[in-house]
Amino acid sequence: MKNKIISFTLLYILLVNGITPLYASRYPIKIITNDWTTQIVLSIITGELLENRGYQIEYINMPTSAQWYKIGSGTVHVQMEVWQGTMEEEYLYLMESHSILDLGNHPATTREDWWYPEYVEKYCPGLPNWQALKKCAHVFAKGNDEQRGLYLGGPWEKPDSDRIIALGLNFNLVRVSHGDELWVELENAYQSEKPIVLFNWTPNWVELKYKGKFIEFPEYDAKCEIDPSWGVNPYSTYDCGNPKQGWLKKIAWIGLKQDYPCAVQLIERIELNGSQFSTLSYWVDVEKLSHQQAAERWLKENEPVWREWLRFSCKD
Ligand code: TMO
């Protein structure tokens, strides 16, 4: 009888605790997709390569604002594009709390900031210097407020309304909810040479199609965002631009390394340069390929590149 109880107990322990973890550890790797082109296409490329190595993957779509807590707690696992200009603060916070891994930088220099097509200089002499915006805010006005300019922002930026106030700009901020909406407005303005100033970044398709420039705000400094006394406005933070030579990196939830060290190694090996990023977005935003089609085209045209990424021995 005693033996029976023991063996039942053993069986129970085995079933509940012994066998389950074996399967539980083979969870799908969850890759975050956000709301701009290259991030989505690169996520699909990454997913295809992980599948090629035998992993199950899932794409989880969310805005960047919702991702930090989730990647820090392991609800989602991989983010292929973290941009310094808009996301450094959250990245540093998660690194300091030891909840994510830095899986390396892409070999690309990035910039994210206010941008305008070159013809706008006719309407606002003195650009790209930000001081010029003080004199010609009205040129960018839209709707019934004829004095205040309109700045069209993306869903990712730093507190731009703080920057507008800190620098004494007579501008309203309007944010789109998906990156694609910026390009609709840009195309419309471009067709009729209307003044426009909007959020843009590099690498991106825009530089392959249009001439234009970033506004030169006061030079970025980490202190600008935490120390009011720093910079042109001694009472305010955010009185500067974003970094001009920003990084672009990949991150993962810290637990992924323990569960799937080889998958982590593969993600470390995946990297694109600036012109590859621009090209991916050109295929989608100008040539109108779907994200999936762009990922497939890239894989087809760059087989030696990704074969090399896959060439390492490691098995999870
Ligand atoms: C993060 N982004 C490239 C859209 O600025």
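Residue numbers count from 1 along this sequence. Scope of the values below: all heavy atoms of this structure, side chains included, with no hydrogens, waters or symmetry mates. Ligands are counted one by one from 1 in listed order, and the atoms in each one are counted from 1 as well.
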Does any donor atom in the side chain of Thr64 or Asn34 lie under 3.5 Å from an acceptor atom in the other side chain?
no

Just by distance, no angles: are the side chains of Gln56 and Glu51 close enough, under 3.5 Å, to form a donor-acceptor pair?
no

Name all residues meeting the side-chain hydrogen bond (donor to acceptor under 3.5 Å, both in side chains) criterion together with Thr37; count only those two or more places apart in sequence or in a different chain, and write none if there are none.
Asp285

Close residues, ligand 1: non-hydrogen atom nearer than 4.0 Å
Trp36, Trp83, Thr86, Met87, Glu112, Trp156, Phe199, Trp201

Which residue pairs satisfy the disulfide bond (SG atoms under 2.5 Å apart) criterion with at least one member in residues 57-143, sequence neighbours excluded?
Cys124-Cys136

Pairs in or reaching into residues 51-99: which pass disulfide bond (SG atoms under 2.5 Å apart), with residues at least two apart or in two chains?
none

Determine, for Glu121 against Lys213, whether the closest basic-nitrogen to carboxylate-oxygen distance falls under 4.0 angstrom.
yes

